[in-house]
Amino acid sequence: MNYIEKILAMHSGKKEVKPGEIINVKLDYIMSNDATTTLAIDIFKNQLQCEEVTDPEKLVVVMDHYTPSTSIEAANTHMKMRNFAKEQGIDFVYDCKGVCHQIMMEKHVNPGNLVIGADSHTCTYGAIGALSTGMGSTDIAIAWSEGEVWMKVPETIRFIVEGKWHSGVYSKDLILKIIKDITVSGATYKAMQFEGSAIESLSISGRTTICNMAIEAGAKFAYISPDRKTDEFLSENGRGDYVKIVPDEEANYIKTYKYNVNELSPQIAYPSSVGNVMDIKKFEGLKVDEIFLGACTNGRLEDIEIAANILKGKKVSKNTRFIVTPASNDVYINAIKAGYIEILVEAGGIISTPGCSACFGGSIGVVGKKERLLSTANRNFVGRVGASDSEIYLGSPAVIAASAISGKITDPRRILI
């Protein structure tokens, strides 16, 4: 068995599992946010006719999509979530503290865990060696009731990434290139396993960006094996002990792809699919109306640092709005301590409350007719952040920062070199 199969076997109580097999698995955490929790509450109470969750310590409830409350409907949603948490004795409630996936990484998940979340980007936690996946509100309600769910064991695609990262090129560029190559359905209900010297050299933040976007290729899971950097991350966040998992020598993979980041340049995803990806040179000089640095994809301290280093002593174009949203309160505090927030504000950036922000369009940063948004988020679908005829382009934090200065899509290597 490979890593993915071994973790699933552990949680199913079986000695061995095989791709295609349907198994029941016990869960370590069940996460839901304000875009999904109220639906799960209604199903839990009205359809399943349940009164108590099976294990409140496994539940994590996060308000992040519409925070602070953006409408009466959002306020009522948050009130319903708070009341349910009190009623069920759920202690892990994060009210306007950051994006659910960043909070799960900082506060809860350990390598080897199996986690489901009512959000498609739950696959993020593979960055620290956990298995995590998004499910619908019905599955979440059943998991609250039973503490377990069923799933099919996925086949695993292996990505071996070697080489040294050039200045101005980041993990966001790699995952965009991979999605382009294998297509947005190329990993549907499969696991994506990332390894190799270029992956090992990445920080946890860089690995998180890759795993976060695996769902954009249809993946069930993303996975990077834990190492010393994982141990340091866990220690910094008050955790440490976990079961070491080693794949069998003859572990099975349905396909193997090889990449070398020496050959990689900044990439841009253009409207309106994450699979529409080209080298940045195809878009240089394209005017943008709004620029967003944040989301569960690229709202961490390292991302803010990259932008601050590029924007230090410079100004955001007068023709462009630049929104910066830390992924969590912890990220926000550390960015303040490091001086990054001051640099970005002095440059002309707008700092917003930690949360989903302009990734989702549920709170701030909504764009108008025919406006262009350049974003570090993970999706560029039609109407995701405002008007249906607006355009969303995706890039790395370095691309975003360099473009904020010119008001046009700009290759960061022109500034960094």
Side-chain angles (χ1 to χ4, degrees), residues 64 67-68 94 96-99 101-103 105-107 127 165-173 201-209 212 229 232-233 235-238 266 288 290-318 320-359 363-365 374-377 395-407 410-417:
D64 61 356
T67 53
Y94 297 92
C96 205
K97 298 290 193 295
V99 187
H101 306 306
Q102 183 68 18
I103 287 171
M105 293 275 288
E106 290 175 353
K107 309 294 184 185
W165 296 90
H166 294 307
S167 176
V169 180
Y170 297 90
S171 60
K172 181 67 162 282
D173 302 307
S201 68
L202 287 172
S203 65
I204 296 300
S205 179
R207 299 175 190 184
T208 301
T209 298
N212 176 269
K229 291 181 180 179
E232 291 171 357
F233 173 84
S235 178
E236 289 167 2
N237 288 281
V288 288
E290 181 173 292
I291 293 175
F292 171 56
L293 172 64
C296 52
T297 321
N298 281 117
R300 285 168 292 281
L301 183 65
E302 179 179 295
D303 304 313
I304 295 172
E305 178 186 13
I306 290 167
N309 287 340
I310 290 173
L311 280 157
K312 188 173 184 179
K314 301 180 179 69
K315 293 292 183 182
V316 172
S317 168
K318 64 181 180 180
T320 304
R321 310 181 295 275
F322 181 40
I323 298 172
V324 180
T325 306
S328 71
N329 277 4
D330 286 356
V331 170
Y332 198 178
I333 290 168
N334 288 326
I336 290 171
K337 289 179 178 177
Y340 304 145
I341 297 299
E342 182 177 356
I343 290 170
L344 295 174
V345 171
E346 287 182 345
I350 304 161
I351 314 299
S352 71
T353 306
C356 294
S357 188
C359 165
S363 54
I364 68 166
L374 177 61
S375 172
T376 59
S396 74
V399 169
I400 268 63
S403 302
I405 297 167
S406 64
T410 301
D411 189 330
R413 294 174 297 183
R414 298 188 185 281
I415 297 172
L416 292 170
I417 293 174

Which atom names give the shortest non-hydrogen contact between [X] and [Y], and what distance separates them?
X    : Y    : result
T297 : N212 : OG1-OD1, 3.0 Å
I415 : A402 : CD1-CB, 3.6 Å
K172 : G395 : NZ-O, 3.2 Å
S396 : Y170 : OG-CD1, 4.1 Å
K315 : E346 : NZ-O, 2.6 Å
S352 : S357 : OG-OG, 3.6 Å

Next on the checklist: Would you say CD of E232 has more than 12 non-hydrogen atoms from neighbouring residues, nucleotides or ligands within 6.0 angstrom?
Outcome noted: yes
Item to check | Criterion side chain to side chain contact (heavy atoms under 4.5 Å, CB included) on I405 and V316, from CA distance to verdict | outcome: CA-CA 5 Å; I405 297 167; V316 172; over 6 Å; no
Do [X] and [Y] come close enough that some side-chain heavy atom pair is under 4.5 Å?
X    : Y    : result
C296 : Q102 : no
L202 : W165 : yes
R207 : I204 : yes
P266 : V169 : yes

Checklist entry - Under 4.0 Å between a Lys/Arg side-chain N and an Asp/Glu carboxylate O for D330 and K107? => result yes
Next on the checklist: Checking side-chain polar atoms at under 3.5 Å, does E106 have a donor or acceptor matched by the opposite partner on S328?
Outcome noted: yes
Any side-chain to backbone donor/acceptor pair from [X] onto [Y]? Under 3.5 Å, distance only.
X    : Y    : result
N237 : F233 : yes
T410 : P412 : no
T320 : S406 : no
K229 : S201 : yes

[atom2] on [Y] to [atom1] on [X], rounded to 0.5 Å:
X    : Y    : atom1 : atom2 : value
I306 : R300 : CD1   : CZ    : 10.0 Å
T325 : F292 : OG1   : CZ    : 4.5 Å
I304 : T376 : CD1   : OG1   : 9.5 Å
I364 : T67  : CD1   : OG1   : 10.0 Å
L293 : I350 : CG    : CD1   : 12.5 Å
S375 : I291 : OG    : CD1   : 10.0 Å

Next on the checklist: If the test is side-chain contact (heavy atoms from CB on, under 4.5 Å), which one of N334, I351, I333 qualifies with I341?
Outcome noted: I351
Item to check | Residue from T208, I400, N298 passing side-chain contact (heavy atoms from CB on, under 4.5 Å) with D303 | outcome: N298
Next on the checklist: Apply side chain to side chain contact (heavy atoms under 4.5 Å, CB included) to residues I323 and E290 and explain how you reach the verdict.
Outcome noted: CA-CA 8 Å; I323 298 172; E290 181 173 292; 3.8 Å; yes
Item to check | Stepwise side chain to side chain contact (heavy atoms under 4.5 Å, CB included) check, Y332 with T353 | outcome: CA-CA 9 Å; Y332 198 178; T353 306; over 6 Å; no
